[in-house]
Amino acid sequence: MGDGVRLLVVEDERVLADAIATGLRREAHAVDVAYDGAGALERTSVNAYDVVVLDRDLPKVHGDDVCRTLVGARYPARILMLTAAGELDDKVEGLSIGADDYLAKPFAFAELIARVRALGRRAALPLPPVLERSGLALDPGRREVLREGRAVDLTRKEFAVLEVLLRAEGAVVSSEQLLEKAWDEHIDPFTNVVRVTMMTLRKKLGEPQVIETVPGVGYRL
């Protein structure tokens, strides 16, 4: 699972929730956190997540009910249930209400990462092997970018921003959309991080410039 994938961690044990989120962010994923079922439903109502890591025994709204609600609404995210109830019957029940995977506590973080990556691949929309436009070629699988055949070395965020622009196929992408796809809800909406990242990206891509600024609207490739 590469940049541009967004996750929601729903866990009422705050220390554990924050530890999971921190670990996932170190893997370059955009991660939001909810500490109860009501918060999970609120966030999924306004944000598009690719994977939801969902504790089962949640306050306010039980994790099972959160899962049923998301599945009933055909919410596109893949759901990984993370819970202390690890008996076979518990797993069968969790999967039967719509979860895509089930991981019992305690767990190895490496296994959580592997399962999240697998679910992220299943959640992703089919994409061409290589995204091409305006002399650029971006390979999401190999994390490679070429400009007229010349290799371009990009940071994770620069790569994510360029990928979002290429996927837009010439449509204008706003700064808010770039923040949502390449960062997460903890980023300051008034930050200049998009502008700074765009400046370094343009410099690395070289002349002639291929990323157009649409004043007051956003960016277009």
Side-chain angles (χ1 to χ4, degrees), residues 1-124 156 160 176 179-191:
M1 186 165 50
D3 294 295
V5 176
R6 194 167 183 182
L7 299 101
L8 175 64
V9 174
V10 191
E11 168 62 62
D12 64 322
E13 295 181 31
R14 288 178 177 256
V15 173
L16 177 59
D18 294 342
I20 292 172
T22 297
L24 289 169
R25 289 181 186 126
R26 286 174 180 163
E27 296 293 315
H29 305 315
V31 185
D32 298 335
V33 179
Y35 301 110
D36 57 61
L41 292 176
E42 178 183 357
R43 281 171 171 77
T44 53
S45 70
V46 296
N47 296 317
Y49 296 103
D50 299 287
V51 178
V52 176
V53 179
L54 179 66
D55 183 37
R56 195 168 185 182
D57 189 16
L58 292 171
K60 297 188 178 180
V61 179
H62 195 276
D64 288 0
D65 293 325
V66 173
C67 184
R68 291 189 184 97
T69 298
L70 295 180
V71 172
R74 298 185 181 274
Y75 191 78
R78 300 293 182 174
I79 299 172
L80 169 60
M81 275 195 170
L82 188 64
T83 175
E87 298 298 324
L88 178 59
D89 289 346
D90 297 314
K91 295 180 181 180
V92 171
E93 184 179 3
L95 295 171
S96 68
I97 63 177
D100 297 282
D101 200 357
Y102 199 107
L103 183 60
K105 303 174 187 176
F107 58 88
F109 192 75
E111 182 178 4
L112 173 65
I113 290 292
R115 289 175 182 264
V116 165
R117 283 176 175 164
L119 290 176
R121 288 193 295 269
R122 290 165 58 188
R156 289 182 180 274
E176 291 76 13
L179 283 173
E180 178 182 340
K181 291 292 185 181
W183 285 270
D184 58 38
E185 69 177 13
H186 296 284
I187 194 74
D188 182 353
F190 299 104
T191 183

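Note that the structure is predicted; figures quoted are calculated from it, not measured.
Residues L54 and G63 share a closest heavy-atom pair of CD2-O, 3.4 Å. Nearest heavy-atom pair across C67 and G98 is SG-C, 3.8 Å. Smallest separation of non-hydrogen atoms from Y75 and N47: OH-O, 2.5 Å. Taking every heavy atom of both residues into account, A34 and L8 meet most closely at N-CD1, 4.1 Å. The shortest heavy-atom contact between A77 and D100 is O-OD2, 4.3 Å. Here the closest non-hydrogen pair linking D12 and P59 is CB-CD, 3.5 Å.
In this structure the side chain of F107 reaches within 4.5 angstrom of the side chain of I20, judged on heavy atoms. Two residues are said to be in side-chain contact when any heavy atoms from C-beta on lie closer than 4.5 Å; I79 and L70 meet this criterion. Residues K105 and D55 have side chains in contact (heavy-atom distance under 4.5 Å, counting atoms from C-beta outward). The closest side-chain heavy-atom distance from L58 to V10 is below 4.5 Å. No side-chain heavy atom of D36 sits less than 4.5 Å from a side-chain heavy atom of E42. Contact of the V52 side chain with the L80 side chain is not registered, since no non-hydrogen atoms from C-beta on lie closer than 4.5 Å. The shortest distance between side-chain heavy atoms of V116 and L7 falls below 4.5 Å. For the pair L103/L112, a side-chain contact is recorded, criterion being any heavy-atom separation below 4.5 Å from C-beta on.
Atoms CZ and NE2, from R56 and H62 in turn, are 6.5 Å apart once rounded to the nearest 0.5 Å.
Every side chain to side chain donor-acceptor pair (under 3.5 Å) that D101 has, sequence neighbours left out, goes to R115. With sequence neighbours excluded, the residues that form a side chain to side chain donor-acceptor pair (under 3.5 Å) with Y35 are D18. By the side chain to side chain donor-acceptor pair (under 3.5 Å) test, D57 pairs with no residue at all, sequence neighbours left out.
Classification of R78 and D50 as a salt-bridged pair fails, no side-chain N sitting under 4.0 Å from a carboxylate O.
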**Message:** Show, in sequence, the C-alpha distance, side-chain angles and deciding distance for V71 and I97, and conclude whether the side-chain contact (heavy atoms from CB on, under 4.5 Å) test is met.
**Reply:** CA-CA 8 Å; V71 172; I97 63 177; over 6 Å; no
**Request:** Given side-chain contact (heavy atoms from CB on, under 4.5 Å), test V51 with R6 step by step and report yes or no.
**Result:** CA-CA 7 Å; V51 178; R6 194 167 183 182; over 6 Å; no
**Item:** Evaluation steps, side-chain contact (heavy atoms from CB on, under 4.5 Å), between L82 and Y102
**Value:** CA-CA 6 Å; L82 188 64; Y102 199 107; over 6 Å; no
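Judged by distance alone, the side chain of R43 and the main-chain N or O of D32 form no donor-acceptor pair under 3.5 Å. Using modelled atom types, no side-chain atom of E13 and backbone atom of V15 make a donor-acceptor pair closer than 3.5 Å.
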